Amino acid sequence: MLSRRDFLAKGSAFCAITVYAPGTLGAQSQLLTPASPFIKEINSICEMCSTRCPITVESRQDKLFIRGNQNAKSFGGKVCARGTSGSKLLNDSHRLVKPIKRTGPRGSGMWQEIEWEEAYRLIAHNLNQVRDRYGSEAIAVSSKSGSLSSHAFHFGKVIGTPNIFSHGSTCPISYAVAAKVMFGNELKLDLENSKYILNFGHNLFEGINMSMTRALLAAQEKGTVKVVVFEPRLSVMADKADEWHAIKPGTDIAVVLALSHVLIEEQLYDESFVQQHVSGFEEFATSMAQYTPEWASEICDVPAGDIRRIARELAAAAPAAIADHGHRCTFTPEEFDLRRGIYAINVLLGNIERKGGVYFAKNSKLYNKLAGEAVAPSLEKIKVDGLPTPALPRIDLTDPQFKYAAKAGGLYQSIIPAALQQQPYAIKAWVMSRSNPMQTVTDRNQVQNALEAMDFVVACDVYISESAAYADVVLPESTYLERDEDIGDMSSKNPAYALRQRVTETIGDTRPSWQIFKEMAEAMALGQHFPWQDIVDYQQRQVANNPELLTQLRKAGYLSFGIPLLMREPEMVAKFRQHYPNALPPSELGDYGDQLQFTTPSGKIELSSPSLEKIAPGRSVISYRPVMLKQPDELYFIQGKSALHTNAVTQNIPLLYDLQSDNPVWIHPDTAAELGVSDGDNIIITSQVGEEQGTAKVTPGIRKDTVFAHMGFGSKNQELKRAFGKGVHCGALLPHASAAITGSNVHTTGVTIRRA
């Protein structure tokens, strides 16, 4: 095994072929210092994916060893392959460790190292120019959601722009918007205690969420759960299921509606729960009456008999049965009603706040109210008065149907027409933090054109990503192992908090993004809107009423308060009341069902939404609308996540690259034979917006009319292309299309394939 210093001195086999850009670790290795020679442990939070598992980092000699934090029981005290490779991110020779500015055309790879002060001056001068000429709304600010994104978003508010975007519309926004409309809040899954799980492409064994994946494994290991997967390919999730149905891409909603049809027609639903907690059931039931299993079978290629059987099995297992609402990229423009339809199955099963069903996170406010005492400390919301009011509405609110999406992170892809066609008005500058729209937003060529059309672009990242390569200034963010952050709320069945802490010395001249955005605002003479002195001051403001919480978190890294509670589970409520004598009295059923609150206009679960009807006529009730995803002579092209990579973020990391450096295209043997393609052949994949070259993986584990590739590969970044440009760039093949209501980027299209 190479030591930290040996790695930097010798490089890895594939790193050796790369010409390092200014500001990267390969050009700055003299800045490295070994870790302390003694052994120490620090508890923190991983950031090799969006799950952000609690971790314990052991520093020994000049190496870091990362394992799961044993205090976080639901995570099993474990980390995945990505989590264990965090030290390789720290020492990656392609890391950016010095600010750089562009000296040639955008994307040319021509850079010059600069000091932070010069970087801030350049940024302040150019952003102020855009504000003065076009207005603050001409600046877009985007960030991957999660830890530290609040500082980037706050910067956007400080400069007065309404155009602040998370990455949500490129991945998880659909289920978030659907939950907001139906329940007023998002739901979690009690997978470990479930007896029956329906899964529609939520691949927990590749798009790993450590807590959820371990819960699913625990349920399967007990042998008490049946898992049924609807997905066009034999994913790892499908392979580990009891049943796999190779559904036609984009037709999941037909199965979902037919399942509700059977549950209602055969009176298999929880009538008492519906009567007490649901609004709009009659309209919903009327709509479902037409969606028979026979109708669905013609659309989705799932036998009608199987749909009826699965509905009956679900009902028999209820309330310990789940229809997984999923966390995946968008497969259809009708994603909103697909997610609402999945939630509706859970509502009919009456599994809300039941063991083995779905539930709401119990934050400290709710938990303490039910307990009748302060069991869990609360975090203070840090408010800053005097922020400017934007002069114009967000660019994604031209169409009122996207009202809910705008509040959930916005339509990230709406930046593209605003830059190219000035629709609905011009975006002239883009500030992006840990965001790579070249990979995650569809139609890469258009994203590139939009970046080239900008007056000024700033990127804050660990790498010169494919998108950062088109920036004017790139600011080096410290890795998650080198920075402290806000306290994060990780509540589940009971309140919980976690804290990311710096575990090693900072390499090179990098800074955490909380500091970067504060100093950028100061350079623009707006520092008064970042009133905290540093991250410690920020943390202390969060725990203003309980400073001991911060001390405890620094030691433990993860703290859980109280005991697990599901509000409609009488045994859990009884145990809860034994722990807390002042707890609220239960209902006649011995539970807290009467305490359930839904922040919808009706105060109930809305299977029909009159408020939605006002902004999107014809959309109040869940229904089926046919979509066209490909031409008759084309194949469906779908994508998915890899267990070894996080979208396009981790392809640079040596260990993970060595394990998976390519994304061969899955093709059914019969289809391959018709095309004259053999396993391992070089192929050309063509769509209406682009053409990519890849490698064929001939396998029976996919439908004949469908091809598949893992996303995140095929980088066009000139600095990294020779080392990391292998494979198919999915975004270069996907045309721009947004789903109704949710605004999510559609990730299914039609392609043709030929041998290269």
Side-chain angles (χ1 to χ4, degrees), residues 17-24 26-27 94-114 119 122-123 126-127 130 139-142 144 167 170 412-413 415-421 426-477 647-649 651-652 689-693 711-734 736:
I17 66 172
T18 303
V19 177
Y20 297 111
T24 61
H94 294 90
R95 271 190 59 195
L96 189 67
V97 294
K98 188 80 175 174
I100 56 175
K101 69 176 181 180
R102 179 172 59 85
T103 59
R106 285 204 173 112
S108 66
M110 299 174 68
W111 303 101
Q112 178 185 336
E113 291 182 14
I114 56 176
L122 278 170
I123 293 167
N126 283 279
L127 292 185
V130 171
I139 303 172
V141 177
S142 65
K144 179 174 170 50
H167 79 293
T170 66
Y412 197 171
Q413 65 274 20
I415 296 174
I416 311 308
L420 296 177
Q421 290 93 37
I427 294 291
K428 291 292 186 177
W430 195 344
V431 179
M432 59 180 71
S433 177
R434 290 177 300 158
S435 182
N436 190 4
M438 287 280 203
Q439 277 279 356
T440 57
V441 174
T442 51
D443 197 346
R444 183 198 179 280
N445 286 336
Q446 290 292 80
V447 178
Q448 179 177 325
N449 292 340
L451 283 165
E452 290 175 339
M454 295 283 176
D455 286 5
F456 193 69
V457 179
V458 182
C460 173
D461 212 326
V462 175
Y463 292 105
I464 307 174
S465 70
E466 192 169 350
S467 301
Y470 283 77
D472 296 281
V473 176
V474 187
L475 303 176
E477 183 186 33
N647 302 335
V649 177
Q651 277 74 6
N652 296 324
V689 297
E691 189 168 274
E692 286 287 301
Q693 183 165 325
M711 65 176 295
F713 293 81
S715 172
K716 314 298 182 187
N717 186 333
Q718 294 301 315
E719 279 91 356
L720 301 179
K721 185 176 180 181
R722 291 176 63 196
F724 307 115
K726 294 177 67 176
V728 173
H729 191 300
C730 296
L733 293 170
L734 295 168
H736 272 314

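Quick note: residue numbers are just sequence positions, from 1. Just so you know, these numbers come straight off a predicted model, no measurement behind them.
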I would like to know whether Asn449 and Gln446 meet side chain to side chain donor-acceptor pair (under 3.5 Å); could you show each step before the answer? CA-CA 5 Å; Asn449 292 340; Gln446 290 292 80; 3.1 Å; yes

What distance do [X] atom [atom1] and [Y] atom [atom2] have between them, rounded to the nearest 0.5 Å?
X      : Y      : atom1 : atom2 : value
Lys144 : Asn436 : NZ    : CG    : 11.5 Å
Thr103 : Gln112 : OG1   : CD    : 6.5 Å
Glu466 : Asp461 : CD    : CG    : 12.0 Å
Thr440 : Met711 : OG1   : CE    : 7.0 Å
Ser467 : Arg444 : OG    : CZ    : 8.0 Å
Ile427 : Leu420 : CD1   : CG    : 11.5 Å

Backbone of [Y] reached by a side-chain donor or acceptor of [X] within 3.5 Å:
X      : Y      : result
His736 : Thr442 : yes
His167 : Thr170 : no
Arg434 : Val462 : no
Ser435 : Met432 : no

Heavy-atom pair of closest approach, residues [X] and [Y]:
X      : Y      : result
Val130 : Ala429 : CG2-CB, 4.0 Å
Ala450 : Ile416 : CB-CD1, 3.9 Å
Pro476 : Leu96  : CB-O, 3.4 Å
Leu475 : Pro99  : CD2-CB, 4.5 Å
Val473 : Ala119 : CG1-CB, 4.1 Å
Ala469 : Trp111 : O-CZ2, 3.7 Å

Is the shortest distance from a Lys or Arg side-chain nitrogen in [X] or [Y] to a carboxylate oxygen in the other one below 4.0 Å?
X      : Y      : value
Arg102 : Asp472 : yes
Glu113 : Lys101 : no
Glu692 : Lys716 : yes

How far apart are the C-alpha atoms of Trp430 and Leu451, what are their side-chain angles, what is the distance that settles it, and do they pass the side-chain contact (heavy atoms from CB on, under 4.5 Å) test? CA-CA 8 Å; Trp430 195 344; Leu451 283 165; 3.6 Å; yes

Evaluate the side chain to side chain donor-acceptor pair (under 3.5 Å) criterion for residues Glu452 and Tyr470: first the C-alpha distance (whole Å), next the side-chain angles of each, then the deciding distance (0.1 Å), finally the verdict. CA-CA 7 Å; Glu452 290 175 339; Tyr470 283 77; 4.7 Å; no

Any chance you could lay out the side-chain contact (heavy atoms from CB on, under 4.5 Å) test for Val447 and Gln439, step after step, and finish with the verdict? CA-CA 9 Å; Val447 178; Gln439 277 279 356; over 6 Å; no

Student check: side-chain heavy atoms of Gln448 and Met438 closer than 4.5 Å: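 With C-beta onward as the side chain, the pair touches.
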
Decide yes or no for Ile123 and Phe456: does some side-chain heavy atom of the first lie under 4.5 Å from some side-chain heavy atom of the second?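 Ile123 reaches Phe456 side chain to side chain.
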
Can you tell which of Ile464, Val97, Ile100 makes a side-chain contact (heavy atoms from CB on, under 4.5 Å) with Thr24?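 Between Thr24 and the candidates, side-chain contact (heavy atoms from CB on, under 4.5 Å) is satisfied uniquely by Ile464.
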
Report the C-alpha distance between Gln693 and Val728 in whole Å, list the side-chain angles of each, state the deciding distance to 0.1 Å, and finish with yes or no for side-chain contact (heavy atoms from CB on, under 4.5 Å). CA-CA 6 Å; Gln693 183 165 325; Val728 173; over 6 Å; no

